[in-house]
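I have placed the structure first, in the form of structure tokens, so that the comments after it can refer back to it.
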Amino acid sequence: MDYNFREIEAKWQKYWAKNKTFKASNDSDKPKFYALSMFPYPSGAGLHVGHPLGYIATDIYSRYKRHKGFNVLHPMGYDSFGLPAEQYAIQTGQHPAITTENNIKRYREQLDELGFSFDWDREVRTSNPGYYKWTQWIFIQLFNSWYNKVSDKAEDISTLVVLFEKEGNAKVEAACDEDTPVFSAEEWDIFSEREKQEILLKYRLTYLADTEVNWCPALGTVLANDEIVNGVSERGGHPVIRKKMTQWSMRITAYAQRLLDGLNKIDWPQPLKDSQTNWIGRSVGASVTFDVKGSDDTIEVFTTRPDTIFGVSFMTLAPEHDLVTKITTPGQKAEVEAYVEATAKRSERDRMADVKTVSGVFTGGYAEHPFTKEPIPIWIGDYVLASYGTGAVMAVPCGDQRDYDFAKHYDIPIPNIFEGVDISEEAFADKETTVIANSDFLNGLSYKDAMKKIITELEKIGHGVGKVNYRLRDAVFSRQRYWGEPFPVYYVDGMPQMIDLEHLPLELPEVEKYLPTETGEPPLGNATVWAWDTEKNEVVNNDLIDHKTVFPLELNTMPGWAGSSQYFNRYMDPRNDEAIFSKETIDYWQDVDLYIGGSEHATGHLLYSRFWQKFMFDRGYVPKDEYAQKLINQGMITGTSAFILRQIVDVRTVVEIDSKIEERTFQAIIISDEGSVSKYDKDELEKIAENQLDKILSEEENKNIKLIDIEGYDINMHLSIRVPVDFVNSSDELDVEAFIKSPFGKEYKHALFVSNKTYREIEKMSKSKYNVVNPDAICEEYGADSLRLYEMFLGPLEQSKPWNTAGITGVHSFLKKLWKLYSSVEGGVEPTPENLKTLHKTIKKVEEDIENFSFNTSVSTFMICVNELTAQKCTGKAILEPLAILVSPYAPHIAEELWERLGHTKSIAEAPFPKFEEKYLVESSKEYPISFNGKMRFKLELPLDMGKDEIEAAVLAHEKTQEQLQGRSPKKVIVVPGKIVNIVG
RNA sequence: GCCUUGGUGGCGGAAUUGGUAGACGCGCUGGAUUCAAAAUCCAGUUCUUUCGGGAGUGUGGGUUCGAUUCCCACCCAAGGUACCA
């Protein structure tokens, strides 16, 4: 009987679903194992072949752990809030919930086809009210918490109030806003309730603040840095400006140090840890205050090199800095204002990316050096970002290349404060060899000593303090979108109030339009029923807002990462309506043992979720402050885009139109391959012209046109154009006929194809690059088991690799060979030593491979195993039974079928993994490679129990040795028993 | 610029503590089977060669009896990231 994968795969997928084979119990005697894949955003394009790569790896590991006797939790769900569904809604009016539902349905079908061992009973969708109820709950917990730097953890806001009542806030060490005023206990006591709330808001872990955003007036929305190209919106090309906006923020900076420290105890890829470390960007230095000449204002700067303070020759402020308008002298006003305006038009990313140009404007104002009391000119420059540090820099041109370039450009003095260093060409930034000079009390000190001394001195004169600064900023948590979690917040007199847990979830209201309102409010501003009645505790019509018992609700929604920051914990108890999860389930599952996903989430999801987990830990909800012990980044599957070369050629002809002879030039499209064609012979030109005549006949209905002669041609231009990979075969040839019939090829109907050869380039797989490959067609042609094996066979999991289906026939025929091996199984056959050796070396290798996430090499091992057993004509059940279990994590459908045919009535999923036994691999002899000067020349079979000296004698006596030496006597002979012999001479 | 990862046949890749470079698969070549094709099976396939051999893992050095593996310098590619003070 042939290997009928279609029948087999459908049969077992049905069996697993019906029998709930992969249902995880929250209560088991077995050790737990939690394997997690990052859940997908269900896009309209469906699953492409890159998605399953990580899922297959997690699935193999899960199935392996099940064979090893673990109670495995392997869930899947959908990160189903997001922009594409909303944009589709804006275009078509279709509710995002419907689009999302349809997309999920398609994802589910595709996932089911691949035979994953998910426990679907635990599925979560971030856009389900039953799920986002708990996202809203966490938001409220954050609102009700502050960060106590003394206990180094988040605490309930009530403990802060107690402190304020007792001693005011002067001594309270907490993460809070920079502009928090100092007050005493007495003052706190007489603050109004509103004033108290305003103060507390400066301490809460989620708080309202004015944040600078990229505002696009035309789209009425805020854009991310990567949605802006060259200062205009990517969509539509509208202008974008920097604007301040009141938004919810998350005080993630309170956790900066702990997020950094936590990296040491988790087994995550080093590159990922590096990017989080860089993102958090810890730097040690000092905060220094400069007085502004002729005013009471001060400028605070953060510097990592306070030791170079005597080298300061100017200061630079970010153009957005609050002091700019105050400092600027009338004479400089026009220039400064023009510069500030020009800067507002540039995106932050743009400003940061431009390293080449030096630009800035002198404000006319001066600061005072804290020690020398010398005046220091204050400049503004767009290389200083308002959002980093204090938005101001003390510029030390001799010690910082950027400041050096700025000083050179604007002819500002460059005082040298380093001993024995030439700074005529470039700045000197080497801390190791620094010796300070021309610096008063710092003279002669090394970097380290000078740092210590200067901080003491700064503190003494009250002009600075040693400080650790983080690049990490608080995370903006508001989005002016429709399709996201609503905030459980209403406003009383402008102050935010939380809705009680018992009234959650606060569900998204219906709106007519998904666009921002005409007054520039977020889409929820379109809702007519979006007010909170504090007596009935329900959402009511906006008409009822009286600011007494009925209040307006928050109009922003939460960002994409809100729903994904605790989903891994929700999977443990996904249907619990009383709590985000019960204490028993979190105590049982604890944390994720293995998390697989893409590295593109390094500084987004993977940082925010660690932050929330630490918060949840502080508040006693979870037992671990890091949620994923081990994480693996699967590499990206790149696509192979196909291109053809389009030339536009003007062909000069003589034609007869309505019996009149006239000259006419046709613009013809010619498709060629990579090497551009510059010469055409007469036949080709005629063909081109005929093609064009056809076109003219069809378009102009001018029936009386006839080609008389061709006078010549000019090549106009050529251009590479993408063609969808679906029309290109494995030899890179374009199916011209199919192409020109498709919507993509319409305009080439009358083109002349000189060549159908395409050239290919490897790029990220993306819909816009026409290089996306869906798994469906491959599943249909070769089956899920083939696809699973092939995706693993492509190469190491963590490396990115191009998708190329050319090799899939290899794994498919392996499965056929495997099937054949089981066609005549006999129960009583005694396994031969060769059979056992093949089996056990396979067990050993496969087990090691899975533990090391080296799935590609396992597939090769299976191929070798089946090739050997076939050659050995092995039919014994004692060999084939364990082999089926070995294969089952990789190719579960065929394994189940073979298992059943071997006479089992229960699923193979729980069968114990075969035990490796060394004794079957013991050898008595070894084929030694005999090398001369490190190059292997011939092989010699010798017993393994032979001693070093005996081996040397045997090798030297061999005729081939003599041949190699040609009479020379060896200088040295290296014998490593069991390994190698190397003769030097 | 910086950080990270990688560079091995025509292609994907293997080589587990420094010990036989190119496993396994694709492709290609030849053969068997077939009226023919598909499928299947067998043999070969790094380059070069005077058929003895010689060279060879991005380049150039180094350590070593021995280097794809370790060290130094450089080149190239992909991804990330930044006037980070």
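Chain identifiers are assigned alphabetically (A, B, ...) following the order of the sequence lines, protein sequences preceding nucleic acid strands; residue numbering begins at 1 within each chain.
- A/H812 has its ring centre less than 6.0 Å from the ring centre of A/F5.
- Separation of the C1' atoms belonging to B/A23 and B/G12 is 13 Å when rounded to the nearest angstrom.
- When the P atom is used for both B/G60 and B/U69, the distance is 13 Å, rounded to whole Å.
- Using a 4.0 Å heavy-atom criterion, one finds that A/D400 contacts no nucleic acid atom at all.
- Applying the 90° criterion around 0 to the glycosidic angle, B/G52 comes out syn.
- With both pairing distances under 3.5 Å, B/G1 is matched to B/U81 as a Watson-Crick or G-U wobble pair.
- Only the C1' atoms considered, B/C51 is 31 Å distant from B/G13, to the nearest whole Å.
- Contact check, A/R305 against B/A85: no side-chain N or O comes under 4.0 Å of OP1 or OP2.
- In this structure B/A37 sits in no base pair that meets the Watson-Crick or G-U test at under 3.5 Å.
- With its glycosidic angle more than 90° from 0, B/G27 is assigned anti.
- In this structure, CD1 of A/I930 is placed 17 Å from P of B/G19, rounded to the nearest angstrom.
- Closest contact between the side chain of A/N278 and the listed nucleotides B/A39, B/U81, B/C3 involves B/C3.
- Closest approach to the A/R471 side chain among B/U81, B/G19, B/U40 is made by B/U81 (side chain taken as heavy atoms from C-beta onward).
- Each of A/G281 and A/K816 has a nearest nucleotide on RNA chain B; the 5'-most of these lies closest to A/K816.
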key: Step-by-step side-chain hydrogen bond (donor to acceptor under 3.5 Å, both in side chains) determination, A/D849 to A/T857   = CA-CA 7 Å; A/D849 283 348; A/T857 47; 3.0 Å; yes

ask   = Stepwise, does the side chain to side chain contact (heavy atoms under 4.5 Å, CB included) test hold for A/V393 with A/T303?
value = CA-CA 7 Å; A/V393 177; A/T303 175; over 6 Å; no

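- Side-chain contact, A/Y339 with A/S359: a donor N or O sits under 3.5 Å from an acceptor N or O.
- Considering only the side chain of A/P796, B/G13 comes nearest among B/G19, B/A82, B/G13.
- Listed by chain and residue number, A/N4, A/E780 satisfy the side chain to side chain contact (heavy atoms under 4.5 Å, CB included) test with A/R6 (two or more places apart in sequence, or in another chain).
- With ring centers used as reference points, A/Y61 lies under 6.0 Å from A/F853.
- For B/C26, the paired base is B/G10 (Watson-Crick or G-U wobble, both distances below 3.5 Å).
- Here the nucleotide nearest the side chain of A/R473, chosen from B/A85, B/C65, B/C84, is B/C84.
- Taking atom P on both nucleotides, B/U29 is separated from B/C76 by 37 Å, rounded to a whole Å.
- Ring centroids of A/F862 and A/Y890 are separated by less than 6.0 Å, placing the two rings close together.
- Residue contacts for A/P269: at a heavy-atom cut-off of 4.0 Å it reaches no nucleic acid atom on any strand shown.
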For residues 306-316 of chain A, which side-chain N or O atoms pair as donor and acceptor with protein atoms under 3.5 Å away, sequence neighbours left out?
unit_1, atom_1, unit_2, atom_2, d
A/D307, OD1, A/R305, NE, 3.0
A/D307, OD2, A/R305, NE, 3.4
A/D307, OD2, A/R305, NH2, 3.0
A/T308, OG1, A/R305, O, 2.8
A/S313, OG, A/P413, O, 2.9
A/T316, OG1, A/Y383, OH, 3.2

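- With P as the reference atom, B/G53 and B/A36 are 43 Å apart, rounded to whole Å.
- At a threshold of 4.0 angstrom between heavy atoms, the contacts of A/E848 include nucleobase atoms, whether or not backbone atoms are also involved.
- Taking atom CG of A/D2 as the reference point, atom P of B/U40 lies 11 Å away to the nearest angstrom.
- Across every strand in view, B/A67 sits unpaired, with no contact that passes the Watson-Crick or G-U test at under 3.5 angstrom.
- Taking the C1' atoms as reference points, B/C24 lies 35 Å from B/C74, given to the whole Å.
- When both pairing distances are held under 3.5 Å, B/C51 makes no Watson-Crick or G-U pair with any nucleotide shown.
- Counting to the nearest Å, the P atom of B/G79 and the CD atom of A/Q270 are 22 Å from each other.
- For the P atoms, the distance linking B/U33 with B/G27 amounts to 23 Å, nearest Å.
- Here A/I974 lies in heavy-atom contact (under 4.0 Å) with a base.
- Straight-line distance between the P atoms of B/A85 and B/U20: roughly 47 Å, to the nearest whole Å.
- Side-chain contact annotation: A/S858 with A/T861, donor-acceptor N/O pair under 3.5 Å absent.
- Applying the Watson-Crick and G-U wobble criteria (two distances, each under 3.5 Å), B/A73 pairs with B/U59.
- Across all strands shown, nothing is found opposite B/U20 as a Watson-Crick or G-U wobble partner with both distances under 3.5 Å.
- Residue side chain A/K845 reaches the base of B/U16 through a donor-acceptor N/O pair under 3.5 Å, judged by distance alone.
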request  = For each nucleotide in nucleotides 20-28 of chain B, reading 5' to 3', give B when a protein heavy atom comes within less than 4.0 Å of its base, S when such contact involves only the sugar-phosphate, and - otherwise.
outcome  = BS-BBSS--

ask   = Stepwise, does the salt bridge (charged side-chain N to carboxylate O under 4.0 Å, His left out) test hold for A/K841 with A/E868?
value = CA-CA 12 Å; A/K841 77 177 185 199; A/E868 284 183 10; 3.0 Å; yes

